[in-house]
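The structure appears below as structure tokens.
Throughout, protein chains are lettered first and strands after them, A, B, ... in sequence-line order, and every chain is numbered starting at 1.
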Amino acid sequence: MASSTTGEKKILTLKGGDNEEFILEESLVLQSELLKNMVKEERVSSIPLPSIKSKTLVKIIEYLKKHAELTPSNKEEFKNFEKEFVNVVLEELLDITVAVNYLKINGLLEFCCQAVADRIKDKSVEAVRKIFRIESDFTPEEESEFRKETPEAFEGDLDDTTN
Amino acid sequence: MARATGDILPDSLIHKILSYLNPEEAAPMKIISKTWLQAWLMTKANLVFEVHSRKHIRIVDKIMEIYRDRKFPIDKFIFQSVREFDSREVFLLFDKWLGVALQNGVKDLVFRVPGFSYHFPIFKVLASKSLRKL
């Protein structure tokens with residue numbers, strides 16, 4: 001179906017983590033350095049991305065489409081779109097950021113990292129650990145020394161919800 | 001399906017996220033885990049110290065040792081001491097830190113200590129290839 005409606009345009013299938021398939025124009029995915037290399041070097045037409053949830057992939061494809069349509073006249077609109085794009089629950093934002101980092105979509109990565117940084121900057125160390133599900137690997141002695149040196153780091157916003 | 005957790009968050013990504021925080025916001029993040037500490041150190045290519053006490057000397061020394069041992073690049077090294085030190089022990093530390101800064105490719109170096117008892121190792125510093133501003 002796809003090939004009959006798109007004429008000369010090359011088509012590529014991306015397969016998300018839950019085996020859902022996304023068919024899109026090859027030109028769109030070239031914004032991803034990783035996929036660009038795969039397409040150019042291996043001439044594949046279907047790329048499995050088992051580590052990326054379909055939900056995340058849908059968001060990223062939405063961005064790729066918007067970005068491809070970017071012209072000097074709709075710059076403002078695109079900026080608003082970007083703002084809305086990262087205005088999701090933190091857990092989803094982290095999924096997107098990790099996926100974008102993996103796919104190497106540079107402009108979007110910068111924007112996502114900025115958004116993550118903004119979300120965690122006022123949080124306490126404990127809250128950030130919970131958000132990223134990190135166990136401290138410092139010894140209890142090192143930990144208590146940190147607490148003495150920078151007590152304010154342990155205050156901050158204790159809210160660790162990723163919503 | 002794993003979500004974005006600490007262990008699947010690549011080091012380069014932690015570094016990137018930290019680089020979007022200002023120094024005050026980023027500093028507490030070094031306590032999260034050893035990986036975050038490393039990532040934080042990498043964002044701190046500009047080392048600026050202002051020393052008021054002996055305790056500060058110890059902290060600076062610890063940081064400089066990490067930079068030395070892991071060979072983290074240093075762009076800028078600014079050291080300022082508010083109080084005067086006159087012990088040989090501290091001077092040896094000054095020498096050591098300057099050595100680390102030079103070895104790790106420091107480009108801008110500012111070293112201010114009150115009094116005249118510390119002999120700045122001027123020849124060692126001038127011999128450095130990376131330095132462009134003193």
Can you tell me if A:Asp137 uses its side chain to pair, donor with acceptor, with the backbone of B:Lys34 under 3.5 Å? yes

May I ask whether [X] and [Y] are part of the same hydrophobic cluster, defined by side-chain heavy atoms of I, L, V, M, F, W, Y residues being less than 4.5 angstrom apart, directly or through others?
{"X": "A:Leu30", "Y": "A:Leu35", "answer": "no"}
{"X": "B:Leu21", "Y": "A:Leu90", "answer": "yes"}
{"X": "A:Phe85", "Y": "A:Leu70", "answer": "yes"}
{"X": "A:Ile47", "Y": "A:Leu108", "answer": "yes"}

Could you state the interatomic distance from [atom1] ([X]) to [atom2] ([Y]), rounded to the nearest 0.5 Å?
{"X": "A:Phe111", "Y": "B:Tyr20", "atom1": "CZ", "atom2": "OH", "answer": "10.0 Å"}
{"X": "B:His15", "Y": "A:Cys113", "atom1": "NE2", "atom2": "SG", "answer": "10.5 Å"}
{"X": "B:Ile17", "Y": "A:Arg119", "atom1": "CD1", "atom2": "CZ", "answer": "12.0 Å"}
{"X": "A:Lys121", "Y": "B:Leu18", "atom1": "NZ", "atom2": "CG", "answer": "13.5 Å"}

Those residues at least two apart in sequence (or on a different chain) that pass side chain to side chain donor-acceptor pair (under 3.5 Å) with B:Asp75 are B:Lys107

B:Glu65 meets the side chain to side chain donor-acceptor pair (under 3.5 Å) criterion, sequence neighbours left out, with B:Lys96

Contact between B:Lys62 and A:Glu145 at the side-chain level, heavy atoms closer than 4.5 Å - yes or no? yes

Which one wins on heavy-atom pair count under 4.5 Å against chain B: A:Asn101, A:Leu93, A:Leu109? A:Asn101

Could you tell me which of A:Thr97, A:Ile96, A:Ile120, A:Asp118 has the largest number of non-hydrogen atom pairs under 4.5 Å with chain B? A:Ile120

Would the number of heavy atoms belonging to other residues, nucleotides or ligands and lying under 6.0 Å from [atom1] of [X] be above 12?
{"X": "A:Glu110", "atom1": "CD", "result": "yes"}
{"X": "B:Arg83", "atom1": "CZ", "result": "yes"}
{"X": "A:Tyr102", "atom1": "OH", "result": "no"}

Turns out that what part of B:Leu37 lies under 4.5 Å from chain A's heavy atoms comes down to side chain

Ignoring hydrogens, what is the shortest heavy-atom contact between [X] and [Y]? Give both atom names and the distance.
{"X": "A:Ile134", "Y": "B:Ser33", "answer": "CG2-CB, 3.7 Å"}
{"X": "A:Arg129", "Y": "B:Ile32", "answer": "NE-O, 2.8 Å"}
{"X": "A:Phe138", "Y": "B:Ile31", "answer": "CE1-O, 3.3 Å"}

Is the closest basic N to carboxylate O distance between B:Glu25 and A:Lys123 below 4.0 Å? no

Should A:Val116 and B:Leu13 be marked as a side chain to side chain contact (heavy atoms under 4.5 Å, CB included) after you check the CA-CA gap, both sets of side-chain angles, and the distance that decides it? CA-CA 11 Å; A:Val116 174; B:Leu13 194 51; over 6 Å; no

